[in-house]
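The structure appears right after this line, and notes come after that.
Order of the sequence lines fixes the chain letters, A, B, ..., with proteins taken first and strands second; residue numbering starts at 1 for each chain. The shown structure was predicted, so the numbers you read here are calculated from the model rather than taken from an experiment.
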Amino acid sequence: MEAAYQPQPTEQRWRQRWAEMDLGAADPASSKPAFSIALPPPNITGSLHMGHALNALVQDSLCRFYRMNGYEVCWVPGTDHAAIATQNVIERQLADEGTSKEELGREAFATRVDAWYRTYQGRILEQLQRLGATCDWRRERFTLDDAYVRVIRIVFGELYRQGLIYRGPRIVNWCPRCRSAISDEEVEYQEQLDTFYYVRYPLVLGQGSLEVATTRPETILADVAVAVAPGDERFRRYVGQSVRDPLGGREIPVIEDQAVDPQVGTGVLKITPGHSAEDYEIGERHHLPIQTVISLDGLMIAPGFPDLDGRGVGEAREIAAARLRESGAMIREEPLLHQVGHCDRCGTVIEPLVTPQWWVRIRDLADPAGEAVASGKIKIHPAQFRVQYLDWVAGLRDWCISRQLWLGHRIPVSTCANGHSFAWVDEPAICPECSSSDLTADPDVLDTWFSSGLWPFAILGWPDPNPTLERFYPTSVLSTARDILQHWVVRMVMMGLRFTSDIPFHDVLFHATILGADGARMSKSRGNVVDPLDMVDKYGADALRAWGASVAMGTQDARFDETRVEGYSHFANKLWNMTRLLYLVHFPGEDQPGRIPETAEPARESLQLADRWILSRLGGLTQLVTKALPEFDFGGAMDAIYGFAWHELADWYLELVKARLETGDAVALWVTRRVLLQMATLLHPIMPFLTDALAEQFAGTPASLDRATWPAVEMEWIDPDSEMAMAGCMNLISSLRKWLTELGIEVSKRSIRVPFFVREEGPELAQPEALGYVSAVLPITWVEPSAYDGRAARPQLVAGRTTLALGRSAGPGADRWKESAQRELVKASALRAKLEAHLDGPFAEKAPAEVVQRERDRLEEVRQRQVLLTRLIES
RNA sequence: GGGCGAAUAGCUCAGUGGUAGAGCGCCUCGUUUACACCGAGGAUGUCGCAGGUUCGAAUCCUGCUUCGCCCACCA
């Protein structure tokens, strides 16, 4: 074994081995219970980011855990074409090259896209493998594959025939830059400072006017009414009359509508159904016409107004405001901070526009999706996101699924010259109704989330009955980032329930979002992005995984902290060297190859105190980890293993057992081997590379711990008495070591042996092995008290209820021992006073008996300690 | 505006009704035959603020402050 653990060559070797062993291969014919995960398909828009990495390691840890627990695990990987995102990435590239998709033309653009997908698709999956992911790689899916496209068309056709998909002109969130509609969920609201314009709308008949407050004077030309709240006394006399729009001079009615809030602005709302979602609804209620003054490019259409016509919306706003000021219609202007919708892909301000689009009637789909979570059939972790899910599902509106992009799944509908529209799976040459061959295919493509929503069953071969689908659907767990809840998770539940009559997964995991070290979301523009593969290069995949496990399920976003990743790389080295310690006992030569041999389990009676203690602790650890992982408490499992390995096994047990190992003590050899190996097994789901490299050093282990059986808890190991005895002994050793240091005795010098004798023996030394343990880790030697009785005051130490005395005049710090004892006495007295006061009060009567007893024991201990210390100082 | 969450050591974060924890950083000392990717020791905390419940609160409740996330048609 090398003196230091080397992650890079080790990981490379094991990646290859796992691939050869095909660890992820799922056999639908197996008789084991099933566990399955559909890997959330990363967008093919570049490389893997920290979120992907975190998500991958969460899923991989679960898959490994369940395989080790006897499950047939199916983890299906894949990628998503991500229409809008990919198109934007490629458009940016083209812009950098000084060209555009329009210049290229559709065909050349499509070629370009294909090349992009080919380059990055494989790369993303390779990156997952570098993290140690054990997917069933042969089942890889891509949302543009023929089979996947077929599923989409079948689903679309079904919904179409069931009347759940319809086409119609309605107001949509239009992104003028993408030149496409986007769904409500793709709109991101940002606070923005604009001007609030107060504008006068004069009555057509008679004197008077209404004041309207608006942020969008350029849309006055598309106003079709002015509305007030029902019963608003201030404006009662205007209702039913007409006012003139102050730019165009058209007559428009004054109406009442419940959507108007009398508190906001002037209490009078201009109604522009063509350019506001809210106004559109009001317009529908009152059967108002729709006027349009903004084009799909976001430019004004105002033929009668040459100064406005063809201008951008921003410019037009300034011009319209100027006109209003000139005409005297502008009453005043004030700054207004408000929320404005932006395209979440390109950041452009959304323009609500009325265009013909395809829609999914949502209620029939959403209600069952809500019920699945409300009833507990689908569980969400952490639990507080359940509420968010339910609120969100309850508020869903019809879903706009058409996009006017060049990239994506075509809407599988054609219309013939005679006006027959029909959905298809394979594009037909003639109309099925009238056999007309004059067909027009719909030009739009589908929202990416429409196809992603089918992922869990589409990748398992639906709709054709097959063993994989039968066996692994519904999937067990869906793990994802929480920002995708509304986009994706809900869609999958809706589609799953509708088309498979079953939930798509049992548990939903929302892992933490990883922020940059500066606490902001990672973004290229902020320059705070950390590439997970850089971390893998630097510290190893296992270190990154261990860190990820420790933060994955926090309820709060987690800042990336490289020092902690580094800390876990040290941990990996520590584990390596703990195993190396045992290895060198068997194979003392540096380069001597061999495997730590299996030996027979010793009889329980032959175990020493330390052996019983560490096995008991191991039993407790096994219990904890076995419970934590299926509850998705990766952090709890990681912390427990870390603490056990470093602060119990390495710091104490291995130090105590070293001498026994060197003399070939069969019991010590067996216990050490057992503990090291079982600990590695428990850690394998989280740190697979390292633990496999460790297990390889032991004879009789499987080719990978992934194939090992998960350790059962050995109940007979659980031994509270030994744990308590050992705790006392460790406490004594710590006190003595501290004390020796204070006396100026070099604790770690092996050449020195300081004589000590036991003056008062407390429970710390009750176990026969205890004295030996103290002298095993400290440079002391035990002498008979009689040899020193009667001598003058000797430096003494009180630890717990044990008093030890130094057997010769001490080194340079010899005169300091009384100071040290004095300090201890002060502490003991203070503690005693506190405990006595506590036990004197109502605590003694009201608290549970065992808690009170514990305090009494502490008091008794501290009293004795005080007596000992006092005697000591006075001696 | 509504909902959810967070506030613990210098930094990043665990934790939990009964004696405040880890990693990293800092100070002292040490070892180089498991590990300097190490060991031993140390300093640093009114566990956001104010009330309440309780024998006991960092932990439960209420209010407040600050930060974050989600939702929402304030024009």
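- Residue-level contact check: A:Arg482 touches neither bases nor backbone, having no heavy atom under 4.0 Å from any strand.
- Looking at RNA chain B, the stems built from 3 or more consecutive Watson-Crick or G-U wobble pairs, each pair with its key distances under 3.5 Å, are B:1-7 with B:65-71, B:10-13 with B:21-24, B:26-30 with B:38-42, B:48-52 with B:60-64.
- A:Thr563 and A:Glu566 share no side-chain donor-acceptor pair at under 3.5 Å.
- A salt bridge (Lys or Arg N to Asp or Glu O under 4.0 Å) check over residues 508-517 of chain A, counting only residues at least two apart or in different chains, returns nothing.
- Straight-line distance from the CD1 atom of A:Ile733 to the P atom of B:rG41: 11 Å, rounded to whole Å.
- A:Leu656 has its CG atom 15 Å from the P atom of B:rA34, to the nearest Å.
- Side-chain proximity of A:Arg854 to the nucleotides B:rG18, B:rC13, B:rA40 is greatest for B:rG18.
- Residues passing the ring pair (Phe, Tyr, Trp, His ring centres under 6.0 Å) test with A:Trp576, sequence neighbours excluded: A:Tyr5.
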Treat primed atoms plus P, OP1 and OP2 as sugar-phosphate and everything else as base, then score nucleotides 22-28 of chain B 5' to 3': B for base contact with protein heavy atoms under 4.0 Å, S for sugar-phosphate contact only, - for none.
SBS----
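- Atom CE in A:Met730 sits roughly 16 Å away from atom C1' in B:rA40 (whole-Å rounding).
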Might you work through the ring-ring contact (aromatic ring centres under 6.0 Å, His included) test for A:Trp547 and A:Tyr539, ending with a clear yes or no?
CA-CA 11 Å; A:Trp547 167 76; A:Tyr539 303 109; over 10 Å; no
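- Distances shown here put a side-chain N or O of A:Lys738 below 4.0 Å from the OP1 or OP2 atom of B:rG42.
- In this structure A:Glu278 satisfies the side chain to side chain contact (heavy atoms under 4.5 Å, CB included) test together with A:Ala259, A:Ser276, A:Ile282, sequence neighbours excluded.
- Taking a cutoff of 4.0 Å between a charged side-chain nitrogen and a carboxylate oxygen, A:Arg863 and A:Glu836 qualify as a salt bridge.
- Taking atom C1' in both B:rA43 and B:rG5, one finds a spacing of 34 Å when rounded to whole Å.
- With rounding to whole Å, A:Leu649 atom CG is found 13 Å from B:rG39 atom P.
- B:rG68 sits 24 Å from B:rC61 when the P atoms are compared, rounded to a whole Å.
- Side-chain contact between A:Arg482 and A:Phe385 is present, with heavy atoms from C-beta onward closer than 4.5 Å.
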Can you give me every donor-acceptor pair (side chain of residues 843-855 of chain A, partner residue at least two apart or in another chain, under 3.5 Å) with its distance?
unit_1	atom_1	unit_2	atom_2	d
A:Gln853	NE2	A:Asp857	OD1	3.0
A:Glu855	OE1	A:His838	ND1	3.3
A:Glu855	OE2	A:Arg858	NH1	3.1

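- B:rG41 sits 12 Å from B:rA22 when the P atoms are compared, rounded to a whole Å.
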Taking only nitrogen or oxygen atoms into account, show me every contact under 3.5 Å that the protein makes with nucleotides 5-10 of chain B, one pair per line with its distance.
unit_1	atom_1	unit_2	atom_2	d
B:rG5	O2'	A:Gln556	OE1	2.9
B:rG5	N2	A:Gln556	NE2	3.3
B:rA6	O4'	A:Gln556	OE1	3.2

Close N/O contacts between protein and nucleotides 51-56 of chain B (under 3.5 Å):
unit_1	atom_1	unit_2	atom_2	d
B:rC55	OP1	A:Lys846	NZ	3.1

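- Residue-to-nucleotide contacts include a donor-acceptor pair under 3.5 Å from the side chain of A:Glu655 to the base of B:rA34.
- B:rA57 and B:rG18: their P atoms are spaced 11 Å apart (whole Å).
- Looking at residues two or more places apart in sequence or on another chain, you find no ring pair (Phe, Tyr, Trp, His ring centres under 6.0 Å) involving A:Phe644.
- Nucleotides B:rU8 and B:rG21, compared at atom C1', are 10 Å apart to the nearest Å.
- As rounded to the nearest Å, B:rC24 and B:rA20 have P atoms that lie 24 Å from one another.
- The same atom, P, is picked in B:rG17 and in B:rA6; the two are 14 Å apart, to the nearest Å.
- Between A:Val387 and A:Ser569, the one whose closest nucleotide on RNA chain B sits nearer the 5' end is A:Val387.
- Side-chain contact between A:Arg170 and A:Asp398 is present, with heavy atoms from C-beta onward closer than 4.5 Å.
- The side chain to side chain contact (heavy atoms under 4.5 Å, CB included) check on A:Ala512 picks up nothing, with sequence neighbours excluded.
- The side chain to side chain contact (heavy atoms under 4.5 Å, CB included) check on A:Glu631 picks up A:Lys627, with sequence neighbours excluded.
- Between A:Arg559 atom CZ and B:rC69 atom C1' there is a gap of 15 Å when expressed in whole angstrom units.
- One cannot find a donor-acceptor pair under 3.5 Å joining the base of B:rC37 and the side-chain atoms of A:Lys574.
- The closest side-chain heavy-atom distance from A:Val551 to A:Phe634 is not below 4.5 Å.
- Only the C1' atoms considered, B:rC35 is 42 Å distant from B:rC67, to the nearest whole Å.
- Judged by distance alone, with hydrogens and angles left aside, the side-chain atoms of A:Asp542 form no donor-acceptor pair with the main-chain N or O of A:Ala572 at under 3.5 Å.
- Looking at A:Asp232 and A:Arg234, a side-chain N of the basic residue comes within less than 4.0 Å of a carboxylate O on the acidic one, giving a salt bridge.
- Between the CH2 atom of A:Trp652 and the P atom of B:rA34 there is a distance of 18 Å, rounded to whole Å.
- Base engagement by A:Ala650 is indicated by at least one non-hydrogen atom pair under 4.0 Å involving a base atom.
- Using a 4.5 Å cut-off on side-chain heavy atoms (C-beta onward), A:Leu584 and A:Arg580 make contact.
- Atom CH2 in A:Trp576 sits roughly 13 Å away from atom P in B:rC35 (whole-Å rounding).
- With contacts defined as side-chain heavy-atom distances shorter than 4.5 Å, the pair A:Asp518/A:Arg526 qualifies.
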Let me have a per-nucleotide readout for nucleotides 70-75 of chain B, 5' to 3', with B, S or -, counting only protein heavy atoms under 4.0 Å.
SSBBBB
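- Contact annotation: the side chain of A:Thr266 never approaches that of A:Leu210 to less than 4.5 Å [non-hydrogen atoms, C-beta and beyond].
- Atom NZ of A:Lys538 is separated from atom P of B:rC37 by 15 Å (rounded to the nearest Å).
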